[in-house]
Amino acid sequence: MKKLINDPVDVVAESVAGFGAAHADIVRVVADPLHVVRRDAPVAGKVALVSGGGSGHEPLHAGYVGHGMLDAAVPGAVFTSPTPDRILAAMQAVDAGAGVLLIVKNYTGDVLNFETAAELAAAQGIDVRTVVTDDDVAVTDSLYTAGRRGTGGTVLVERIAGAAAERGDDLDAVASIAAAVNADARSMGVALTPCTVPHSGEPSFALAEDEMEFGIGIHGEPGRETLPMEAADRIVDRLLDVILPDLPFASGDRVLLMTDGMGGTPLAELYIAHRRASERLAEEGIEVVRSLVGDHVTALEMQGCALTVLRLDDERIELWDAPVQTASLRWRR
Amino acid sequence: MKKLINDPVDVVAESVAGFGAAHADIVRVVADPLHVVRRDAPVAGKVALVSGGGSGHEPLHAGYVGHGMLDAAVPGAVFTSPTPDRILAAMQAVDAGAGVLLIVKNYTGDVLNFETAAELAAAQGIDVRTVVTDDDVAVTDSLYTAGRRGTGGTVLVERIAGAAAERGDDLDAVASIAAAVNADARSMGVALTPCTVPHSGEPSFALAEDEMEFGIGIHGEPGRETLPMEAADRIVDRLLDVILPDLPFASGDRVLLMTDGMGGTPLAELYIAHRRASERLAEEGIEVVRSLVGDHVTALEMQGCALTVLRLDDERIELWDAPVQTASLRWRR
Amino acid sequence: MDVDSNWATDWVRRSADAVAAHKADLAALDRAIGDGDHGENLDRGYRAALAALDGLGDDATPADALMLVATTLISNVGGAAGPLYGTAFLKASGAAQGLDELGPSDVVAILTAARDGIVLRGKAEPGDKTMVDAWTPAVEAASAAAAAGSDVRAVLEAAAGAAERGAVDTEPLVARKGRASYLGERSAGHRDPGAESTALLLRAAAEAAADAAERRGS
Amino acid sequence: MDVDSNWATDWVRRSADAVAAHKADLAALDRAIGDGDHGENLDRGYRAALAALDGLGDDATPADALMLVATTLISNVGGAAGPLYGTAFLKASGAAQGLDELGPSDVVAILTAARDGIVLRGKAEPGDKTMVDAWTPAVEAASAAAAAGSDVRAVLEAAAGAAERGAVDTEPLVARKGRASYLGERSAGHRDPGAESTALLLRAAAEAAADAAERRGS
Ligand SMILES: Nc1ncnc2c1ncn2[C@@H]1O[C@H](COP(=O)(O)OP(=O)(O)O)[C@@H](O)[C@H]1O
Ligand SMILES: Nc1ncnc2c1ncn2[C@@H]1O[C@H](COP(=O)(O)OP(=O)(O)O)[C@@H](O)[C@H]1O
Ligand SMILES: [Mg+2]
Ligand SMILES: [Mg+2]
Ligand SMILES: [Mg+2]
Ligand SMILES: [Mg+2]
């Protein structure tokens, strides 16, 4: 394992410090308890959006802090949910009295730590709502598991709810838009290579040269099944075979298609996958009206890709297109 | 070698097709001879910027086509300069009568193919200027080699010259801004892992678990020397030890600092490197006034990083900050 | 003989040692059916707890020591284990409130409160292949030992042994909670990392009691 | 005996075969001191040239065939080798202009024009460890053979042999042009891929001439 790091213990602190240095026009980094807030926080009158989770998924979440998206991001250790004190500090830093929406990916650790923070914040008089994202259709059985995981759809929730908050929607409205976007988003990913957590030094799982991990989780936890490696088009079709019937998406739907890298996939390969996914959706009569291709929710240096499909309507398109100014998603500002 | 591809022969065509599908609001893809132009090309009265080179460096160059940057990009086969017929077709598609500036990275193949295309275009009455970028200080001896290579600085040239063209500067003015930016930019990179060209199936070079390739080229060609692997801060210092004295950058300079991934490096690691680079520049009295962190000039799935330092002045800052709308660099539009 | 706050702080120290010594083992277990961070997370938490012990006054009660562990773990561990162990020690501290010396039934009450706290937070049932599968047999064995008249040392010895067996017994189970549940049937055949760390912590508690007994010459 | 346009088209076919057969070897040489694409690039170009041969009329001259190779390589190879080989065949075609049959001195003129075209485009000198180091001895050997009264077959045989030796002789050289020059001293000890492909192409030319001679029974 070769990594561009110093002491593994300092990975998150140093990385977030570098992030703060690079994007001082957009964010402010607080070192202890560690969290990232938008430069102009708290924004008077605006509902504040706070998210967070284990590190190693960059640009998620700090890369999405800024105008039209998150007010604060709370990074945990690599692949480890942040602790409640950090989350609470972030909530306190951004609450402008209009309340805080927590966007939490559905993993036991995230849910429990954010729950604790929400209780502490509520006790201090902060108005809190929580939306738990669970767009990952790889998890088959939601009853006898921790439930579906939050993955790529989280970025779309952050963006669209963020735009609603920027527009002036109140806490309940922003929370309900976030929940509705999550409910209409479906994702699934495949890994070609594992990843290695810095302090561990061991790959998260083993894959032979002719195998892929289908339904991989973003923490490098093994997926649904190990399958023989296939051509890109076939892999994309396999992912969509699970994603599309789940909502279900139907002919006539307008959607946003997100083709996400895992951190180590060349962009050229993501576009090859995106090409087939767009083509397949067209074959099914589903119109791709917005696209997002690149590394958005990663797992360190893992190679592979994940697809997210979100059903759109006029309002969501308008919110999607509204100005956004973050380190990793930016337009019209 | 596992890659998210179909037939290796189709990699570039399929990837560019996917790129076109994802960014139809910004670009138009012409399949034969393959090139990418901005959606609204030719732009009346505007000097057109055309660049290109081997594929495998994405988002370079197609990701930088759009308002305020390139008018066209010409992708070659993976790591192989495009042929003159493609370059010529791109020039014809974007020339609005105000002339075309070719931005060419200094590799023998690129120089020769663009030279041929420029001759053909000139014969057709197109006013052509060429700027060859050669910011890579890893090449020690420019007299007895093909000369310094064009790397990260190319993106900065494309951006700043692109903004000048958008502002309405004439061909000579745009060409001279491009040449001046190239002259004030210095880059150098290090690879922790090699990359594998799709049709080759073999890694471009061998590196032991405790080694890094210092002064790597963006085609995975071996670098200046193979060194023992070190901590990120030490690696960054080594790169700056070569970069800074070369121009030389001096106390009081204002600069843009670009910390570039090679394609497979986790973003978190790039920020760790960026942190040390910013710190070091501050120690030398050099003020980092603009930052760019991420994958900009890559070598497939290679891991490592490259630093580019560009000296800025008020005009360059103004041009840098002007609206830009491309797939991979976008603000204020 | 009963135990006091020295036992509680000794428990923290021994726990920190045990977690540090088995960090790689816990990471390996968590890599197999989770994300590989359990060893590092707990170790970070217990190193912080160890450092925090210095701030504990001479007149600290066992409840104070347990509360310190709770808050330190909550704000340093993260992940699933952070809030779960944090809640466990929070509830354990509640059960020890007002007591300077802890007898066998007090220890049973502490262990029971800890287990109940974990179940309250995590909503896992026995058999879901979580740390609950180490805590539950531990609580049962401790109750039985106390009912049979054992002293604190024997009660904790019974709890530790039962937790260790409980951890081993998670191996054939299919996970239904936490990250391992995503694996479904593929989670069978691996020991649950949280159950394993529970066994380590309860073994540390038993050793601290044995040492206390030795020191007092009983 | 002299050669005609059949020799020229046969040269293209044999070149395509040779490049396809040695694609991996050329790639390996280029990986060692370059970027590994030389085999694939030339193969793509010669496959296109092969396909383009069909479009060549029955009355095509050797110059037409050489021009077709030139334009096809230029618009299909890319990289450094595309314009270099493209210019070589462009100039070779110029040297063959107006001739239906090529005698020994015509072949020397063609090879000389090709080599000069490469030098004009690439500005490499002998000893820079490029394809020029195969072309230059080839031109010299061909001239010497022609001056000594050899026929076309022997002239091309001399050129091919000299190119092969020239390619081997690039091994100890330090590259001063092209991608390999970035390696400096580290480029020594490896054969230049462009010199090697030049040897393959000239060997194909010699074989085509030998075959033509055989067919005509000379
Ligand atoms: N709902 C739950 N109830 C009880 N214990 C749980 C629950 N979910 C997870 N655990 C325990 O947490 C352990 C994993 O902890 P850890 O690796 O630190 O967290 P994460 O899964 O967030 O990485 C599991 O081995 C299991 O024992
Ligand atoms: N300036 C030059 N003059 C002559 N030949 C050159 C020159 N530069 C490169 N070459 C030849 O080109 C070969 C490499 O071709 P190729 O791999 O196709 O191009 P690239 O280096 O662009 O990948 C080298 O082995 C060398 O023989
Ligand atoms: Mg975790
Ligand atoms: Mg090349
Ligand atoms: Mg874990
Ligand atoms: Mg090459």
Side-chain angles (χ1 to χ4, degrees), chain A residues 1-7 11-12 14-19 21-23 55-56 58-59 63 78 192-193 209-210 212 229 231-233 235 259 263-276 278-279 288 291-295 298 300-301 303-305 325 327-328 330-333, chain B residues 1-7 11-12 14-19 21-23 55-56 58-59 63 78 192-193 209-210 212 229 231-233 235 259 263-276 278-279 288 291-295 298 300-301 303-305 325 327-328 330-333:
Chain A
M1 175 207 62
K2 273 182 285 188
K3 290 183 177 287
L4 199 59
I5 62 174
N6 297 300
D7 189 330
V11 160
V12 174
E14 291 184 350
S15 177
V16 176
F19 176 84
H23 307 293
S55 293
E58 291 67 28
V78 175
L192 310 188
T193 63
E209 183 50 46
D210 56 354
M212 60 181 178
M229 181 65 192
D233 285 5
I235 294 174
T259 301
T265 317
L267 188 53
E269 296 181 22
L270 296 182
Y271 282 118
I272 289 175
H274 191 77
R275 178 195 123 279
R276 174 58 199 155
S278 310
E279 198 177 83
V288 177
S291 287
L292 198 61
V293 183
D295 278 339
T298 63
L300 299 169
E301 75 282 5
Q303 290 184 23
C305 82
Q325 182 179 2
S328 290
R330 184 165 176 180
W331 50 75
R332 297 177 58 196
R333 245 183 99 96
Chain B
M1 175 206 60
K2 273 182 287 189
K3 290 184 176 286
L4 200 60
I5 63 174
N6 298 299
D7 188 331
V11 160
V12 174
E14 292 185 351
S15 178
V16 176
F19 176 83
H23 307 293
S55 291
E58 290 69 26
V78 175
L192 309 188
T193 64
E209 183 50 47
D210 56 355
M212 59 180 177
M229 180 65 192
D233 285 4
I235 294 174
T259 301
T265 318
L267 189 52
E269 296 181 22
L270 295 183
Y271 281 118
I272 289 175
H274 191 77
R275 178 197 123 277
R276 174 58 199 157
S278 311
E279 198 175 85
V288 178
S291 286
L292 197 61
V293 184
D295 277 340
T298 63
L300 299 168
E301 75 283 5
Q303 289 183 24
C305 82
Q325 181 179 3
S328 290
R330 187 168 174 177
W331 50 76
R332 297 178 54 199
R333 244 182 98 98

- Derivation of the side-chain contact (heavy atoms from CB on, under 4.5 Å) call for A/R275 and B/N6: CA-CA 12 Å; A/R275 178 195 123 279; B/N6 298 299; 4.2 Å; yes
- Evaluate the criterion side-chain contact (heavy atoms from CB on, under 4.5 Å) for residue pair A/V78 and A/V12; output intermediate values, then yes/no. CA-CA 7 Å; A/V78 175; A/V12 174; 4.1 Å; yes
- Task: Any chance you could lay out the side-chain contact (heavy atoms from CB on, under 4.5 Å) test for A/L267 and B/D295, step after step, and finish with the verdict?
- Result: CA-CA 9 Å; A/L267 188 53; B/D295 277 340; over 6 Å; no
- Task: Could you please spell out the steps behind the side-chain contact (heavy atoms from CB on, under 4.5 Å) verdict for A/I272 and B/L4?
- Result: CA-CA 8 Å; A/I272 289 175; B/L4 200 60; over 6 Å; no
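With a threshold of 4.5 angstrom between heavy atoms, A/T298 does not approach chain B through any atom at all. Heavy atoms of A/R333 lying under 4.5 Å from chain B belong exclusively to its backbone. Using a 4.5 Å cut-off between heavy atoms, B/I235 touches chain A through its side chain atoms alone. The contact between A/A273 and chain B is made entirely by side chain atoms (from C-beta outward), counting heavy-atom distances below 4.5 Å. In this structure, chain B has no heavy atom under 4.5 Å from any part of A/V288. Residue contact with chain B, scored on non-hydrogen atoms closer than 4.5 Å, involves the side chain of A/Q303 exclusively.
Note: A/E14 CD to A/I5 CD1 = 9.0 Å, rounded to the nearest 0.5 Å.
Taking 4.5 Å as the limit, some side-chain heavy atom of A/M229 sits within range of a side-chain heavy atom of A/L192. The shortest distance between side-chain heavy atoms of A/V16 and B/Y271 does not fall below 4.5 Å.
Inspection of the B/H23 and A/S291 side chains reveals no N or O donor paired with an N or O acceptor under 3.5 Å.
Counting heavy-atom pairs closer than 4.5 Å to chain B, the top residue among A/C305, A/G18, A/A21, A/S55 is A/G18. Heavy-atom pairs under 4.5 Å with chain B were tallied for A/E209, A/E301, A/Q325, A/E58; the largest tally goes to A/E209. The most heavy-atom pairs under 4.5 Å with chain A, out of B/S15, B/P266, B/A231, come from B/S15. Contact tally against chain A (heavy-atom pairs below 4.5 Å) for B/S328, B/G294, B/G264: the top residue is B/G264. Comparing A/T265, A/T259, A/V11 by how many heavy-atom pairs each has under 4.5 Å with chain B, the most go to A/V11.
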